[in-house]
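In what follows, a single structure is set out as structure tokens and then discussed.
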Amino acid sequence: VARKRQGLDELMSTAIHLYEGSDVLDAEGMLIGPAQHDTLLDDYHHAAEMPHRHTVGAQLADLEGGEDVYETVRHIHINYGEQIEQSIGRLKPLLAGEHALTALFPPRYWSLKLLEKDPDAESCVHKLAKDADTLLRARDEEVVRLAPEVGEDIETYITDAKYGFISGALRETLTEGKREDKYRRTSEIDAVVTSKYFGYPLFLLFMFVMFQCTFWLGQYPMDWIEAGVGWLGEWLGGAMAPGPLRDLVVDGIIGGVGGVIVFLPNILILYFFISLMEDSGYMARAAFIMDKIMHRMGLHGKSFIPLIMGFGCNVPAVMATRTIENRNSRMITILVNPFMSCSARLPVYLLLAGAFFPHHAGLVLFGLYFTGIVLAVVMARVFKRFLFPKDETPFVMELPPYRVPTMRSIFIHTWEKGKQYLKKMGTVILLASIVIWFLGYYPRPAAEGELTAQEQMEQQANSYIGRIGHAIEPVMAPCGFDWKMSVALLSGVAAKEIVVSTLGVLYTGNADEDDATLTERIQADTYPDGSPVFTPVVALDFMLFVLIYIPCIATIVAIKNEAGGWRWALFSVGYTLVLAWLAAFTVFQVFG
């Protein structure tokens with residue numbers, strides 16, 4: 001119903017009626033005129049045991065002399081058997097004077113909950129009842145009396161009676177439709193999707209198809225946007241007078257923001273698949289089949305949902321961990337969540353995978369995301385062993401029935417994420433691109449006029465950002481990174497998309513052709529000895545570093561808020577940076 005927007009008006013009307021139910025009785029206890037034929041309202045008053053009367057009917061009124069005849073409404077209660085009903089009858093008089101309790105629920109409800117020894121009901125009795133000791137003592141006497149009579153746990157006995165009543169009511173009133181039983185169909189699908197033999201291969205296959213389509217389908221609109229950005233930069237470069245303003249617009253804004261916005265189609269495709277998983281019900285199955293891995297990590301299936309959310313953005317994923325009751329599980333989930341490769345890292349992967357692995361870009365994407373999952377598993381085990389060794393409580397997961405997602409809901413979910421991406425283009429990334437351009441543009445050389453490509457490279461190396469890059473280059477050189485890559489990684493701490501916008505600004509003019517794309521500029525960049533700066537190994541190394549190293553500032557703040565202090569936020573910064581450097585160093589030294 002909700003997926004097709006059918007009955008929403010009736011649902012809202014019913015909710016309003018039920019909420020305002022106490023205002024629809026007149027002074028004589030009769031339903032007011034507009035509500036006399038509202039059966040839902042009448043059912044509500046029955047369930048709440050609110051006193052009201054019914055007109056029997058015109059024909060009976062005629063027999064009684066033309067006066068309206070009213071009948072006393074008999075409320076339907078489930079009969080729990082003679083012994084249980086006797087106990088209810090003994091407890092109800094004691095509850096009648098407890099107005100703080102009966103104002104919340106009818107005496108019969110409290111009687112049943114007390115006989116079941118419901119802990120929440122007992123807590124309310126202790127807090128609200130005037131004579132809680134007498135009430136609970138009477139309940140205990142009834143429980144002792146009932147034990148040999150019912151022959152089993154009283155709560156189980158009452159529950160069986162309820163389901164027996166429901167079963168009988170359904171047999172008398174329910175007419176089975178001709179539609180296929182969706183729960184039977186769900187069970188048949190789950191027998192394959194969640195099986196120990198096919199569950200993991202199907203999950204990995206779906207993830208691989210998702211990343212393959214993200215690159216393959218997104219390549220076409222990405223090329224169109226890239227060509228449009230290049231044409232816009234070329235047109236503005238020719239239309240504006242030479243000078244700092246033109247360089248800011250063309251090299252800073254167009255080069256920085258344009259270098260990131262080209263990946264919007266890929267972001268939309270990724271979120272399309274994630275929305276498809278959520279709306280179809282497969283996301284819950286993914287959490288279910290990953291539950292065993294969660295156990296090996298010292299976690300449970302409940303931790304999987306925040307981790308999956310991390311593929312979209314780590315900030316709401318970290319915030320979602322507050323639903324995990326156990327602090328140890330929550331802390332481990334928070335600390336490993338940054339390994340879930342968020343969509344902000346995707347432009348970096350798409351840029352370098354497309355440039356250096358054009359025929360296997362989808363496989364590279366899948367490998368990076370899978371590497372993040374493996375690292376999360378390993379580090380969670382380490383944290384479980386040394387930082388949070390306490391055992392966890394079990395978790396039961398609900399598996400909803402499968403549904404056919406509507407294109408409307410998927411479009412809304414996808415567009416909302418795309419809108420957030422565009423909003424970031426016009427705020428954080430725009431500001432960062434301007435700052436990076438300024439640091440790379442100044443100080444200017446004494447010579448006037450247009451700089452050649454070689455002079456521009458020399459000026460950039462001696463600029464403010466060049467000095468920063470050269471200062472940290474000795475630390476990053478063992479990983480295969482030059483000063484430009486080092487600066488891009490440093491700026492990426494603010495937001496991972498800024499890594500691409502920084503490269504877009506720094507690599508302006510590094511190719512013989514002014515209209516060369518960022519990919520072509522990166523491929524053409526060389527060291528003074530003529531060797532390429534970027535190689536396939538360095539590109540893979542760089543992507544691996546981006547996957548692992550410091551979370552963005554927003555995620556760091558989220559970790560601080562959810563973990564309860566800066567200590568764990570700074571710990572997350574430190575250990576991910578060290579781990580990223582060690583991983584990149586190992587890969588470059590072994591394969592470089």
Side-chain angles (χ1 to χ4, degrees), residues 297-299 303 306-321 328-349 352 367-388 472 475-481 485-500 502 540-589:
M297 294 169 61
L299 303 174
S303 298
L307 293 179
I308 281 292
M309 290 177 63
F311 286 134
C313 179
N314 293 140
V315 175
V318 170
M319 296 174 64
T321 59
N328 287 353
S329 290
R330 184 168 66 253
M331 289 301 303
I332 295 175
T333 307
I334 288 173
L335 292 176
V336 302
N337 200 285
F339 292 124
M340 300 296 104
S341 198
C342 64
S343 59
R345 297 176 173 97
L346 187 60
V348 182
Y349 304 157
L352 298 180
L368 287 167
Y369 278 76
F370 186 74
T371 300
I373 295 174
V374 172
L375 283 173
V377 173
V378 173
M379 294 310 301
R381 289 298 301 166
V382 172
F383 295 147
K384 177 69 176 177
R385 175 69 176 82
F386 297 104
L387 297 180
F388 307 99
I472 61 177
V475 179
M476 307 304 293
C479 300
F481 306 150
M485 288 183 258
S486 302
V487 168
L489 292 172
L490 181 62
S491 64
V493 175
K496 293 299 180 286
E497 298 98 334
I498 299 179
V499 172
V500 174
T502 301
L540 186 62
D541 211 25
F542 190 82
M543 290 186 285
L544 185 64
F545 198 96
V546 171
L547 165 69
I548 303 172
Y549 89 120
I550 308 175
C552 67
I553 291 178
T555 303
I556 295 172
V557 174
I559 293 174
K560 174 258 180 184
N561 293 335
E562 298 303 324
W566 282 108
R567 182 181 63 160
W568 290 112
L570 295 178
F571 173 77
S572 178
V573 170
Y575 99 84
T576 55
L577 181 59
V578 171
L579 185 63
W581 192 92
L582 291 174
F585 173 80
T586 303
V587 170
F588 181 72
Q589 296 300 324

Counterpart residues, ring-ring contact (aromatic ring centres under 6.0 Å, His included), relative to Y369 (two or more places apart):
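Partners of Y369 by the ring-ring contact (aromatic ring centres under 6.0 Å, His included) criterion, ordered by chain and then number, come out as F211, F311.
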I'd like to check the ring-ring contact (aromatic ring centres under 6.0 Å, His included) partners of W568; sequence neighbours left out, ordered by chain and number.
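ring-ring contact (aromatic ring centres under 6.0 Å, His included) list for W568, sorted by chain: F388, F571.
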I'd like to check the side-chain hydrogen bond (donor to acceptor under 3.5 Å, both in side chains) partners of S343; sequence neighbours left out, ordered by chain and number.
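Residues passing side-chain hydrogen bond (donor to acceptor under 3.5 Å, both in side chains) with S343: Y271.
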How would you list, by chain and number, every residue that makes a side-chain hydrogen bond (donor to acceptor under 3.5 Å, both in side chains) with S491, sequence neighbours excluded?
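So S491 forms a side-chain hydrogen bond (donor to acceptor under 3.5 Å, both in side chains) with T502.
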Reported [atom1]-to-[atom2] distance for the pair [X] and [Y], which is rounded to 0.5 angstrom:
| X | Y | atom1 | atom2 | result |
| --- | --- | --- | --- | --- |
| L335 | R330 | CG | CZ | 11.5 Å |
| F370 | S341 | CZ | OG | 14.0 Å |
| I332 | R381 | CD1 | CZ | 9.0 Å |
| L307 | T321 | CG | OG1 | 9.5 Å |
| T371 | M543 | OG1 | CE | 10.5 Å |

For residues 561-586, which residue pairs pass the salt bridge (charged side-chain N to carboxylate O under 4.0 Å, His left out) check, not counting sequence neighbours?
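Counting only pairs at least two positions apart or across chains, the salt bridge (charged side-chain N to carboxylate O under 4.0 Å, His left out) contacts touching residues 561-586 are R322-E562.
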[X] versus [Y], closest heavy-atom pair with distance:
| X | Y | answer |
| --- | --- | --- |
| M331 | A563 | CE-CB, 3.8 Å |
| I559 | S572 | CD1-OG, 3.6 Å |
| V336 | A380 | CG1-N, 3.8 Å |
| D541 | V587 | OD1-CB, 3.4 Å |
| A583 | I548 | CB-CD1, 3.8 Å |

Flag side-chain contact, heavy atom, 4.5 Å: [X] against [Y]:
| X | Y | value |
| --- | --- | --- |
| L547 | Y349 | yes |
| F545 | M476 | yes |
| K496 | L346 | no |

Sub-3.5 Å donor-acceptor pair from the side chain of [X] to the main-chain atoms of [Y], do we have one?
| X | Y | answer |
| --- | --- | --- |
| W581 | T576 | no |
| Y549 | L489 | yes |
| T586 | L582 | yes |

Side-chain donor-acceptor pairs under 3.5 Å in residues 312-319, sequence neighbours left out?
{"residue": "N314", "atom": "OD1", "partner": "R345", "partner atom": "NH1", "Å": "3.4"}
{"residue": "N314", "atom": "ND2", "partner": "G310", "partner atom": "O", "Å": "3.3"}
{"residue": "N314", "atom": "ND2", "partner": "N337", "partner atom": "O", "Å": "3.3"}
{"residue": "N314", "atom": "ND2", "partner": "N337", "partner atom": "OD1", "Å": "3.2"}
{"residue": "N314", "atom": "ND2", "partner": "M340", "partner atom": "O", "Å": "3.2"}

Of the options N561, I550, L570, which is the one that meets I556 in a side-chain contact (heavy atoms from CB on, under 4.5 Å)?
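Only one of N561, I550, L570 forms a side-chain contact (heavy atoms from CB on, under 4.5 Å) with I556, namely I550.
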Given side chain to side chain contact (heavy atoms under 4.5 Å, CB included), test L540 with L544 step by step and report yes or no.
CA-CA 6 Å; L540 186 62; L544 185 64; 5.8 Å; no
Pair F588 and F481, ring centroids less than 6.0 Å apart
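Between F588 and F481, the centre distance exceeds or equals 6.0 Å.
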For Y575, does the OH atom have more than 12 heavy-atom neighbours from other residues, nucleotides or ligands under 6.0 Å away?
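Buried by this count: over 12 neighbours within 6.0 Å.
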Criterion side chain to side chain contact (heavy atoms under 4.5 Å, CB included) on V348 and F542, from CA distance to verdict:
CA-CA 9 Å; V348 182; F542 190 82; 4.0 Å; yes
